[in-house]
Amino acid sequence: MLTDARRLGVLVALGGGVLLLLWYLAPWAVPHRLFGGEGVLLNPFGHHLPQGTLPPGYRDGWLLWTFYPSLAWLALTLVLAWTPKPARKLYLMGAFGLGLFLLTLLLFQASVAQVNAGAERPLLRRYSLGLGSYATLAFSLYLLLLARLFSPGGLAFLVRRRGVVVPLFSLLLASLLGGVIVAVMKRAPGEAQGLREALMLKLDLITYTYQLLYSPLVNPSGFLQSLLLATPLIFTGLAVALGFRGGLFNIGAPGQLILGAIAAMLVGVYLPGPRWLVLPLAILAAALAGGLWGALPGWLKARFGAHEVINTIMLNYIAASLFLFLISSNEYKFFGRTLYLPFKYPGYEARSHEIRPEARIPHWTELVAPGGELSFALPLALLLGLLGYLLLRKSLGHRVLMGLVAGGVGYVVGGLLPGPEVSFGPDLTSVRLNGAFLLALMALLFFHFYVFRTVGGYELRAMGLAPKAAEYGGVASGRKMVLIMFLAGALAGLAATHYVLGGGIDEYRLKQALPYSVGFDGIAVALMGQNTPVGVGLAAWLFGILLTGGLQVNLQLGISRELVAVLQALIVLFIAAGGFLPRYFTDPLRAAEVELREERERKGR
Amino acid sequence: MNLDAAFWIALFFSTLRQTTPLLLTALGGMFSERSGVVNIALEGIILFGALTAAVVVERGEHLLGPGPHPWLPWVGVLGAMAVGGLVAWVHAVVSIKYRADQIISATAINLLALGAPSLVLAYFYGNATNSKEVANRLPLWGPEGFALSPLVYLAFLLVPLSWWVLFKTPFGLRLRAVGEHPEAADTLGVDVYRMRYIGVVLSGILAGLAGAYLAIGFLNQFVRGMSAGMGFISLAAMIFGKWHPLGILFSTLLFGFASALAIQLQGTEILPAVLVQAFPYLVTVLVLAGFMGKSRPPAAVGRPYEK
């Protein structure tokens with residue numbers, strides 16, 4: 001068995017070996033790319049793969065200026081790792097590596113800017129660093145992680161943060177496997193001469209795929225689009241997470257979403273009245289219908305002991321049938337008699353009538369800048385509401401009430417304040433982000449308050465952790481089960497408001513294209529977010545980014561969007577397996593053992 | 001509304017055909033749950049099996065050229081069984097070795113089965129929804145007009161066979177012991193983990209077989225989502241059949257009849273097709289709600305075992 005310090009040395013050496021290999025094999029920067037992913041690959045070993053051409057005047061000498069210092073840095077790191085007390089030195093080297101990466105980035109950007117500055121139109125448009133440079137970044141982070149891990153209390157530090165470590169590690173593993181899938185499924189563009197170039201092309205293909213997947217982070221319309229796609233995922237993620245918290249597995253979010261959509265459509269199309277009445281009623285109807293559809297398996301479990309997993313799945317299929325029944329035809333035959341339904345819009349396509357304008361949730365431009373002027377209503381309401389909640393030191397009820405009142409005042413005052421004129425480009429206004437996103441944020445707040453700040457939420461969590469003990473402690477578990485599933489279903493039903501009332505699928509109506517399978521994606525969101533509101537919000541956003549980026553991957557590389565679905569499934573699988581990390585990352589008892597042991601060691605020293 | 005003899009004969013054979021994949025999968029689920037592991041991944045495994053069978057046979061035809069190759073479908077069947085077993089093995093590793101929540105692990109595999117086939121189809125055929133049609137389907141055995149796929153015969157033959165294995169062999173005794181009381185079985189020297197691995201992989205092989213039946217016995221191509229909840233219905237049938245081969249035979253026949261009725265009623269003016277399609281799912285809900293008397297699952301089912 002290796003001693004601790006030696007193990008650290010071996011781990012650093014292994015990582016360093018991988019880094020060196022990647023530096024040799026992978027491109028460091030890609031100044032120019034064509035549409036299909038073909039590009040000019042730069043590598044410090046004098047290798048330019050001539051796929052496409054660089055404009056005259058591009059200088060790649062900077063590459064050597066960053067490469068040799070990096071090499072020296074790696075050598076020094078490898079030596080320092082074997083000296084006594086290496087952890088602190090590795091912190092320094094890690095920080096130094098981050099600096100080196102930043103330097104590489106700056107020099108590269110400067111060289112691109114130099115070419116583009118002289119031209120009328122930017123000559124280099126699709127440019128980015130390559131895997132070689134990113135490997136430097138990754139190795140620096142790895143060094144920082146190792147340094148923390150091998151300094152006193154390091155393991156306990158990581159184990160305490162297992163709610164973040166396990167999902168992130170699973171994401172990393174899934175990404176690695178996803179990279180292998182891409183490499184197998186897709187031929188790299190360009191002609192390779194020899195094994196090394198072939199490898200370089202493959203590595204570049206994988207890097208480019210992930211760059212595209214995460215591209216919504218750096219482009220404004222992609223960013224809005226990622227929020228749009230995150231909106232329903234927040235709802236369904238919460239719907240699954242609420243079930244998990246209460247010890248129930250809700251796979252019924254797709255069905256609950258469908259029922260919510262049907263109810264929202266019925267109110268939105270057929271209820272006349274002013275906006276202030278119809279819109280809230282339509283939203284409530286969606287929540288209620290989804291909730292009742294969710295409560296059904298809850299009741300079946302409480303009353304008959306029927307397992308909720310299979311029942312919710314069956315209800316998904318039944319809901320899908322009901323959905324088709326309503327919108328696919330106006331005329332059905334029952335035992336020879338004909339039944340006429342008013343729901344389907346005339347024409348070939350299966351869809352409902354359009355939602356009346358009064359029942360539509362406003363588009364984001366109407367919320368941010370109604371009438372072309374930037375409005376302060378929402379930000380002020382948010383700010384004052386938060387202040388009202390935080391400043392009052394009384395019971396929870398008082399604080400929430402105060403927050404709501406202050407928020408309302410902020411909304412009115414902000415609405416009256418005049419704002420500067422703004423206009424958005426067509427690429428931004430075409431993104432159909434709508435007010436349902438705010439509803440989703442409110443749902444996150446509701447989840448937090450209900451689950452972590454009320455007696456009902458305490459009972460719910462008690463039931464999830466130890467059902468028998470909870471029942472002994474006075475929780476009416478049957479009734480509670482129905483309530484949990486009702487609330488979960490209501491959350492999933494609200495996801496439908498985004499699609500039907502908010503026009504999230506291009507039209508304000510029920511369509512066959514309603515993507516109710518986002519209900520399943522909610523499982524991945526809940527697991528990735530570890531059933532906490534902040535986690536669910538971030539996980540939903542991550543998947544929103546990946547789904548948006550998936551479209552780019554499909555568009556530019558011709559790789560099926562389902563790659564994202566596969567990544568999601570792998571993440572769920574790996575999180576279920578605890579990221580294949582040691583047991584103390586998944587088992588709270590063993591985690592406590594680790595902490596105790598480290599504390600004892602610290603005292604013993 | 002006149003239903004003649006032809007309707008009832010068609011309904012009978014349709015029932016047999018609809019029952020076959022359910023029966024195969026439910027028997028598999030029985031082996032898995034008897035060993036103490038819930039396998040909700042059967043739904044996804046059916047899809048993986050179907051995909052494998054269709055792709056293997058189609059690629060085989062692509063390589064060998066057209067023309068009848070009577071042995072080719074059987075290669076597809078073997079491939080489906082192998083892939084089914086492999087996918088189930090993943091579920092086994094995650095839920096037995098890494099003690100994951102068995103339902104979450106299986107759900108991950110089901111999610112994978114929603115996305116992964118599209119990647120494979122895009123790779124081979126350039127579209128994301130279905131494979132090319134195969135020329136070499138599984139043969140039909142039996143007299144003219146009443147011929148059935150060999151897998152139909154096999155499924156019904158497996159009922160007495162699995163009864164014998166489960167209740168009359170030492171292997172069956174150990175499998176049941178591991179699912180009822182793993183600690184006791186362990187004390188007696190039974191390798192709990194090994195028995196559970198065998199149970200889960202066996203369920204995967206059978207579900208893969210069901211998938212092969214769907215893809216190259218029932219149809220002649222893979223279509224996205226073609227399992228349509230059969231894996232889940234099989235699990236309900238298994239519960240309804242009280243984890244016993246004979247019970248499972250009758251319960252899957254009930255579900256098969258429900259599906260067959262739904263199919264035979266389509267195009268008639270009795271009930272609208274979109275509603276009739278929900279029939280088997282409705283039956284599942286009703287059955288699970290206990291219109292069946294109480295049934296007791298293996299005592300250790302769903303619990304990871306720790307030495």
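Chain identifiers are assigned alphabetically (A, B, ...) following the order of the sequence lines, protein sequences preceding nucleic acid strands; residue numbering begins at 1 within each chain. What you see below is based on every heavy atom in this structure, not just the backbone, and it leaves out hydrogens, waters and symmetry mates.
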ask   = In terms of heavy-atom proximity below 4.5 Å to chain B, should A/Phe520 be classed as side chain, backbone, both, or neither?
value = both

ask   = Taking C-beta and beyond as the side chain, do A/Met314 and B/Ile233 meet within less than 4.5 Å on heavy atoms?
value = yes

message = Between B/Gln102 and chain A, with a heavy-atom cut-off of 4.5 Å, which part of the residue counts as in contact: side chain, backbone, both or neither?
response = neither

key: CZ (A/Phe334) with more than 12 external heavy atoms under 6.0 Å   = yes

ask   = If you count heavy-atom pairs under 4.5 Å between each of A/Leu324, A/Asn311, A/Leu315 and chain B, which one has the most?
value = A/Asn311

ask   = In terms of heavy-atom contacts, does CZ of B/Phe279 have more than 12 from other residues, nucleotides or ligands at under 6.0 Å?
value = no

Below 3.5 Å, can you tabulate the donor-acceptor pairs from side chains in residues 91-100 of chain B to any protein atom, sequence neighbours excluded?
{"unit_1": "B/His91", "atom_1": "ND1", "unit_2": "B/Ser105", "atom_2": "OG", "d": "2.8"}
{"unit_1": "B/His91", "atom_1": "NE2", "unit_2": "B/Val38", "atom_2": "O", "d": "3.0"}
{"unit_1": "B/Ser95", "atom_1": "OG", "unit_2": "B/His91", "atom_2": "O", "d": "2.6"}
{"unit_1": "B/Arg99", "atom_1": "NH1", "unit_2": "B/Lys97", "atom_2": "O", "d": "3.4"}

task = Could you point out which residue of A/Ile251, A/Val309, A/Val572 forms a side chain to side chain contact (heavy atoms under 4.5 Å, CB included) with B/Thr107?
result = A/Ile251

remark   = So, the part of A/Leu567 with a heavy atom under 4.5 Å from chain B: the answer is neither

task = Please test B/Leu288 against A/Leu300 for side-chain contact (heavy atoms from CB on, under 4.5 Å), starting from the C-alpha separation and ending with a verdict.
result = CA-CA 9 Å; B/Leu288 285 180; A/Leu300 286 171; over 6 Å; no

key: Residue list, ring-ring contact (aromatic ring centres under 6.0 Å, His included) with A/Phe244, at least two apart or on another chain   = A/Phe249

From B/Leu119 atom CG to A/Ile559 atom CD1, the distance as rounded to the nearest 0.5 Å = 9.0 Å

note = Okay, B/Leu121 and chain A: the region with an atom under 4.5 Å from a heavy atom over there is neither

ask   = Looking at A/Leu339, A/Leu563, A/Ile313, which has the largest count of heavy-atom pairs under 4.5 Å with chain B?
value = A/Ile313

query = Can you name the closest pair of heavy atoms from B/Tyr123 and A/Met185 and give their distance?
reply = CD1-O, 3.1 Å

ask   = Looking at residues at least two apart in the chain, or sitting in another chain, which of them share a side-chain contact (heavy atoms from CB on, under 4.5 Å) with B/Ala260?
value = B/Leu11, B/Ser14, B/Thr15, B/Gln18

ask   = Is there any residue in residues 573-581 of chain A with a non-hydrogen atom under 4.5 Å from a non-hydrogen atom of chain B, and which ones are they?
value = A/Leu573, A/Ala576, A/Ala577, A/Phe580

task = Pick one of side chain, backbone, both or neither for B/Val90, based on which atoms fall under 4.5 Å of a heavy atom in chain A.
result = side chain

remark   = Bottom line for A/Arg583: the part with an atom under 4.5 Å from chain B's heavy atoms is side chain

inquiry  = Can you tell me which portion of A/Val184 sits under 4.5 Å from chain B's heavy atoms? Options are side chain, backbone, both or neither.
reply    = backbone

task = Against chain B, work out which of A/Ser321, A/Pro297, A/Ala565 has the most heavy-atom pairs shorter than 4.5 Å and name it.
result = A/Ser321

query = Going by heavy atoms in the side chains, are A/His307 and B/Ile103 under 4.5 Å from each other?
reply = yes

message = Could you report the tightest heavy-atom contact between A/Tyr332 and B/Pro272, atom names first, then the distance?
response = CD2-CB, 3.3 Å

task = Evaluate the side-chain contact (heavy atoms from CB on, under 4.5 Å) criterion for residues A/Leu296 and B/Val285: first the C-alpha distance (whole Å), next the side-chain angles of each, then the deciding distance (0.1 Å), finally the verdict.
result = CA-CA 10 Å; A/Leu296 193 57; B/Val285 173; over 6 Å; no

